[in-house]
Every structure is written in C-alpha cells, then in structure tokens.
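Reviewing the structure listed below.
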Amino acid sequence: MNIKAQSLLSLPTKRRTSFSSLSSLSSHLYLLHHRAAPHYLPKARELHALLLTSSLLSSSPPALTSLISLYSKCCCPASALSAFYSSPSPPNLFAWNAAISALSSNTLPADALLLFRFLRSHPSLFPDHFTFPCVIKSISDLGDAGDLKNTHALLFKFGLVSDVFASSAMVNGYLKLGIVDDAEVVFDEIPEKDVVLWNSMVNGFAQMGRFSNAKDYFHRMLEEGMVPSRFTVTGILSVFTSTADLNGGRNIHAFVVKIGYGFDVAISNSLIDLYGKCHDVEEAAEVFESMFEKDIFSWNSIISAFEYSADHPKALLLFRQMLCVGVQPDSITVAAVLPACSQLAALAHGREIHTYLLRHGIRGDAFVDNALMDMYAKCGMLDDARNAFDVMPNRDVASWNIIIDAYASHGRGEDALKLFSAMTTEPDEVTFVAVLSACSHSGLVEIGVKIFEQMKVMPVAEHYLCMVDMLGRAGMLEKSKEMAAAAEKACGVKGWRTYIAACKERGQMERVVEAAERLVEMEPAGSGAWVMAANAYGWVGKYEEVAEWRGEMRRRGVRKVPGCSWVEVAGHGVHTFISGERCHPRAEAIYAVIHELAGWIRDGGCLAQVGLNGPGEYRWN
DNA sequence: ATAGGGTTAG
C-alpha cells in the first residue's frame with residue numbers, strides 16, 4: 001500500500017516514514033486538486049480507495065474535505081457527495097462546505113440547497129462565510145427572489161453582512177434577478193470592496209443590458225484606485241460590443257494594452273467579437289493574427305466577424321484553416337459557417353459540413369439543425385430541408401420560420417400555409433414575413449390580406465413589403481400603391497421599389513414613371529430611382545425625357561453600382577455575374593441558353609426581360 | 001482543508 005501511495009502522491013521517501021500521513025497527504029491532495037480536471041478522475045478514485053483501506057478517512061478530517069473538493073474539481077459531484085455521505089466519522093463544517101460547494105459549482109443548485117437545509121437542522125454545526133457564497137450562488141441559479149431575500153436576512157443573523165465573498169454572490173444574484181436596489185444596498189454596505197465585488201456590479205449591469213450603469217461602476221472603480229482584473233475588462237468590453245460602440249471599445253483596447261492584458265486569450269477573443277460586431281473586420285483580423293494562442297472562441301469569433309461583414313468566402317476559408325491547424329469545430333462554429341454556405345448557395349460545402357458533423361459526432365442543437373435546414377433550402381434542396389425539419393427533435397420558432405420560408409420561396413404557398421397552421425409554437429414577426437411572402441409568391445391574395453390584417457404582431461417594414469409585393473403581383477396595382485405610400489414611414493423607398501417592379505411586370509409604365517419620380521424626390525443621391533425613371537420614360541417612348549433624366553443624373557454625379565448574382569456549379573466553384581459585363585470564358589454558350597430559355601418563356605405567354613447581366617467569374621478557393 | 005466573479009462564439 002505504501003509503495004502505491006508513494007507512487008500516486010509522489011511523496012518523498014523521507015516524508016513517507018515521518019508520515020503521520022495526514023498533513024503531507026492533505027497538502028499533496030491540495031496540490032493535486034489545484035491542477036485537477038476531469039482527466040484526473042481515475043487518479044482521484046484510486047486515491048479514494050487508498051484512503052478507505054488505510055482508514056485515513058476516519059482519522060483525518062482534512063483528508064475527507066480534500067477528497068470531496070478533488071471530486072468536485074473533477075466535475076464529479078456524485079462521487080463528492082458519496083464520499084461525504086459514506087464518511088466513517090461525522091463530517092465537520094469543512095466537509096459540509098466542500099460538499100455544498102461541489103454541488104453548487106457543478107450545476108446542481110437544488111441539491112446544494114437541500115444539503116444546506118440538512119446543515120441548518122444540524123444541532124451543533126452552523127453555516128459560516130464559506131457556506132453562504134455557495135448557497136447564494138445556488139439560489140441565484142434557481143432564480144428564486146424570495147429565497148434570495150431570506151438568505152440576505154440570514155447573513156444578518158450570522159453576522160456576515162460585511163463579508164465581501166457572500167456579498168459578491170449576493171450582488172450577482174440580485175442583479176441576475178433584476179433587483180437593482182438591493183444589489184446596490186449590499187454593495188454600499190461593504191467597507192472594504194475588492195475587485196471581485198466591483199466586477200459583480202459591472203458585469204451584472206452589463207448582462208442585464210443596463211450599459212450606462214455598467215460604465216458608471218467601471219469608471220468609479222478606476223477613480224477609487226482599483227486595479228481592474230481580466231474579468232473587469234471582458235465585462236466592460238461586452239458593454240461596448242452590445243452597444244456596437246466602436247470608439248468606446250477602442251479606448252478599452254488601448255487600456256488593455258497599457259495595463260498589460262494585451263495577450264490574454266479571453267480578452268483578445270472579446271476584442272475580436274467587438275470589432276466583428278462593429279463591422280471593423282480588418283481590426284478583428286489583426287487581433288486574431290496577433291494571438292500566439294488561439295482557442296475555439298478565437299476561431300468562432302473571427303468566423304462570425306467575417307459573417308457579420310457578409311464576407312462569406314472568407315468565413316469559409318477560415319473554417320478550412322481551422323480544420324487544417326487541427327482545431328475541432330463545435331456546434332457554434334458550424335452554426336456560424338453554415339449561413340455562409342446558404343448565402344453562397346454552396347451546396348457542396350454545406351453537405352461537407354453536414355457530413356463532418358455526423359462523422360465527428362458533433363451534437364447538433366437547435367441552432368445547428370436550423371442552420372442545416374436553411375442551408376438546404378437556400379441551396380434549392382427543398383426535400384432535404386423538409387427531411388431535416390421532420391427529423392428535428394426539438395423545433396423552436398426559428399425552425400418553423402425556416403421551413404415555411406423554404407416552401408414560400410419555392411412557390412409552394414399551400415404547403416407553407418399548411419405548416420403555418422400546424423405550428424406548435426407561437427408565431428413571431430419572422431413567421432408572418434414568411435407566411436405573407438408565401439401568399440405573395442403563390443398568388444394567395446385574399447388569405448394573405450386576411451392574415452396581414454389579423455396578425456398578432458406589430459407590422460414592420462418587411463410585412464408591408466410583402467403586402468406591396470403580394471398586391472402588385474396579383475395585379476392590384478392601386479391597392480399596392482396605397483400600401484407603398486402607407487408604408488413610407490416604415491420602409492422608406494423600398495415599398496416604392498417593390499411597387500415599381502410589379503408595375504413593370506404588368507407593363508404599366510405610366511405608373512412606373514410616377515413612382516420613380518417620387519423615389520427620386522425621396523432619395524436624390526441614389527442611382528436606382530434615376531435609372532428606373534429614365535428607363536420607364538424609354539419604355540413609354542418619351543425619349544426626350546430619357547435624355548433629360550440621364551443628363552441630370554450625370555450633372556449630379558449619381559453613379560450606378562452594378563448588381564451581381566452568382567451560382568455554384570458542381571465541382572467548378574462559384575461563378576459570379578456582374579451587370580453589364582461579359583467576361584465569363586463561356587459567355588457565349590451561357591447567353592445561347594438564356595436566349596433559348598427566354599424564347600420558351602415568351603412562348604409560354606410570359607413577359608421576359610433577359611440579357612441584362614453578363615457573366616464574370618469569381619472563385620473563392 | 002472548504003469559499004465569491006469565470007470572461008469570449010451562433
């Protein structure tokens with residue numbers, strides 16, 4: 001046994017003989033558990049067995065406490081608790097505290113509180129300043145405001161109101177539950193505030209979205225000479241990230257460098273997130289490149305940063321790099337990178353990522369499942385999207401929105417409506433956008449109008465646009481125009497643009513001219529309205545007006561930004577077509593097909609305008 | 001011997 005104990009604990013030989021065992025064993029346990037993580041569990045079990053056979057557990061109270069704490073650090077609260085309960089001698093307060101802590105720090109708050117109740121009915125043991133922080137944390141995790149206040153009162157009873165540890169936990173709890181006044185009372189009560197207590201205020205306010213309070217406390221703590229910790233920095237950074245305050249964030253960045261936290265991984269990750277959300281993707285990339293050590297957060301943040309800036313090719317490229325350097329993507333990576341595939345209609349990549357998920361057993365959550373479904377839908381694979389929907393274990397409102405929108409954009413309005421009425425969650429704003437666009441694309445005007453009038457959410461720009469579009473497509477141009485005018489406040493020029501498209505479709509060029517003039521009035525610097533008005537005059541044969549509008553446009557220096565579209569061709573990358581250009585190597589063949597299609601469309605009795613775009617080419621890897 | 005904040009990503 002001794003040899004085994006020696007090898008396990010790496011005890012020096014000399015000490016082993018003087019063992020009185022207790023102190024040296026405990027100190028080794030202590031050293032061990034400071035480095036503990038789940039992979040230490042086998043060692044912990046071996047140690048446990050050893051302690052049992054050597055009867056140390058009954059003779060040495062510290063050994064029991066250390067063992068409980070060790071199991072806790074191994075994320076094994078069940079073993080911690082069983083060690084506590086099976087202790088040969090009655091556990092002392094240290095052991096009780098360690099056991100309560102093991103439960104509360106391993107997301108078992110209810111069990112921690114149960115154990116606390118047992119402790120409260122103990123005849124000779126009383127909770128102390130080590131007990132309360134864990135208990136208060138558990139209560140806050142459960143979100144019980146009444147219990148929190150009762151426990152606050154208990155602090156008075158046990159003379160712990162000025163304890164900074166219990167008070168930090170109290171502040172966290174109160175702010176988490178939105179009870180600001182009491183949090184501030186607790187805070188003010190503490191004569192010697194430490195940095196953790198300050199952080200609790202700053203981060204608490206930051207998390208509840210009271211950003212100016214968070215900033216106030218941050219500045220106050222600096223004024224009072226507190227040295228901010230890393231937690232302070234990440235907390236205050238989240239404030240500037242949430243408010244998309246680039247300048248405020250830059251100041252913190254400078255401050256971070258000044259106080260020497262520039263190479264902290266978590267802080268750098270927060271900075272990437274900050275710059276990403278503020279659409280300064282170059283700066284985000286610079287922070288990312290400067291990091292010596294990148295973790296999964298760094299990769300996920302930088303991929304998202306490129307996604308925020310709609311640089312989908314770069315997001316995909318980074319995903320590949322991530323794989324190359326051997327960082328395992330997780331569900332968050334996947335949920336960030338799948339939209340890139342959707343936006344690029346890059347089906348091959350989407351499938352590849354899906355396969356990757358399955359192969360590596362990455363557990364899909366609602367985000368991933370929704371992103372997969374959306375990717376299939378956006379790549380035109382409606383059946384695959386539907387299949388993903390059908391096998392999804394737990395659907396949230398986004399899942400329903402995505403599948404309804406999928407049917408809508410594939411022109412399957414009836415199916416979309418069927419799904420809408422089968423919804424098992426409350427519809428939200430987005431649902432109605434999808435449903436209205438379904439009606440719009442399938443000519444279901446009456447039902448669409450009824451849904452619009454009766455929907456239980458406040459109409460926003462998107463809803464109005466759907467209505468303008470729906471009425472316009474159905475040829476109800478006067479009604480469509482009324483809707484565009486009514487929606488001017490909500491969606492500005494977009495309503496008119498939609499209306500104009502419908503008028504063009506119907507060949508109602510007078511209406512186009514009229515609306516385009518209104519557009520130019522509203523948005524004199526934008527090119528779209530000018531071009532549209534000029535073209536519309538052309539279509540009705542008023543060529544002088546065309547020249548006039550074009551001339552005026554030139555004088556004012558309004559320039560047209562060419563539009564572009566793209567498509568992925570299996571095995572040949574993504575091809576982009578820019579308006580007015582014909583630089584694709586196979587432009588001729590492509591146009592031959594377009595003209596053939598146009599012929600079919602015309603023969604089918606439809607109006608068609610083709611040949612406006614010219615093929616270009618673009619590969620993103 | 002035991003304790004509070006535990007940061008950042010969809």
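All values reported here derive from a predicted model rather than from experimental measurement.
A:Asp163 comes within 4.0 angstrom of nothing in the nucleic acid, heavy atoms only. Among the protein residues, A:Val334 comes within range of no part of the nucleic acid, since none of its heavy atoms lies under 4.0 Å from any strand. Looking at heavy-atom distances under 4.0 Å, A:Asp365 makes contact with a base. Base contact: A:Ala266 has a heavy atom under 4.0 Å from a base atom. Counting any heavy atom pair closer than 4.0 Å across all strands shown, A:Asn203 reaches no nucleic acid atom. At the heavy-atom level, A:Lys176 lies nowhere under 4.0 Å from the strands shown. If you check every strand for non-hydrogen atoms under 4.0 Å, A:Asn92 touches a base. Nucleic acid contact for A:Thr131: none, since no nucleic acid atom lies under 4.0 Å from a heavy atom of the residue. Using a 4.0 Å heavy-atom cutoff across all strands shown, A:Asp295 reaches no nucleic acid atom at all.
An aromatic stacking contact between A:Phe231 and the base of B:dG5 is absent, as defined here by ring centres under 5.5 Å apart and ring planes under 30° from parallel. Ring-to-base geometry does not place A:Phe132 in a stacked arrangement with B:dA3 (centre distance under 5.5 Å, plane angle under 30° required).
If you measure from atom CD1 of A:Ile272 to atom C1' of B:dT8, you get 9 Å, rounded to the nearest angstrom. The CG atom of A:Leu160 sits 12 Å away from the C1' atom of B:dA3 (whole-angstrom rounding). Between the CD1 atom of A:Ile190 and the P atom of B:dG5 there is a distance of 15 Å, given to the nearest Å. Nucleotide B:dT2 holds its C1' atom 19 Å from the CZ atom of A:Phe126, rounded to whole Å. As rounded to whole Å, 11 Å separates atom C1' of B:dA3 from atom CD1 of A:Ile100. In this structure, A:Ile267 atom CD1 and B:dG5 atom P are separated by 19 Å, rounded to whole Å. Here the C1' atom of nucleotide B:dA9 and the CZ atom of A:Phe306 are 15 Å apart, to the nearest Å. The separation between A:Phe205 atom CZ and B:dG5 atom C1' is 15 Å, rounded to whole Å.
For A:Phe319 and A:Trp299, the ring centers sit 6.0 Å or farther from each other.
Here the nucleotide nearest the side chain of A:Thr234, chosen from B:dA3, B:dT8, B:dT7, is B:dT7. Side-chain proximity of A:Lys137 to the nucleotides B:dG4, B:dA1, B:dT2 is greatest for B:dG4. Side-chain proximity of A:Ser69 to B:dG4, B:dT7, B:dT2: nearest is B:dT2. Out of B:dG5, B:dA3, B:dA1, the shortest distance to the side chain of A:Thr65 is found at B:dA1.
Within the model, atoms CZ of A:Arg351 and OH of A:Tyr376 stand 5.0 Å from one another, a figure rounded to the nearest 0.5 Å.
Under the 3.5 Å distance criterion, the side-chain polar atoms of A:Asn370 are matched with a main-chain donor or acceptor of A:Ala366.
A salt bridge is absent between A:Asp369 and A:Arg395: the closest approach of a Lys/Arg side-chain nitrogen to an acidic carboxylate oxygen does not fall below 4.0 angstrom.
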Scan the side chains in residues 322-332 of chain A for donor-acceptor partners under 3.5 Å anywhere in the protein, sequence neighbours excluded, and list what turns up.
residue	atom	partner	partner atom	Å
A:Asp330	OD1	A:Asn300	ND2	3.3
A:Asp330	OD1	A:Ile332	N	3.0
A:Asp330	OD1	A:Thr333	N	3.0
A:Asp330	OD1	A:Thr333	OG1	2.9

Hey, can you pull the donor-acceptor pairs under 3.5 Å for the side chains in residues 143-155 of chain A, sequence neighbours left out?
residue	atom	partner	partner atom	Å
A:Asp144	OD1	A:Gly146	N	3.1
A:Asp144	OD1	A:Asp147	N	3.0
A:Lys149	NZ	A:Asp182	OD2	3.1
A:Asn150	ND2	A:Gly146	O	3.4
A:Thr151	OG1	A:Asp147	O	2.7
A:His152	ND1	A:Tyr174	OH	2.9

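No donor-acceptor contact under 3.5 Å links the side chain of A:Ser301 to the base of B:dA9.
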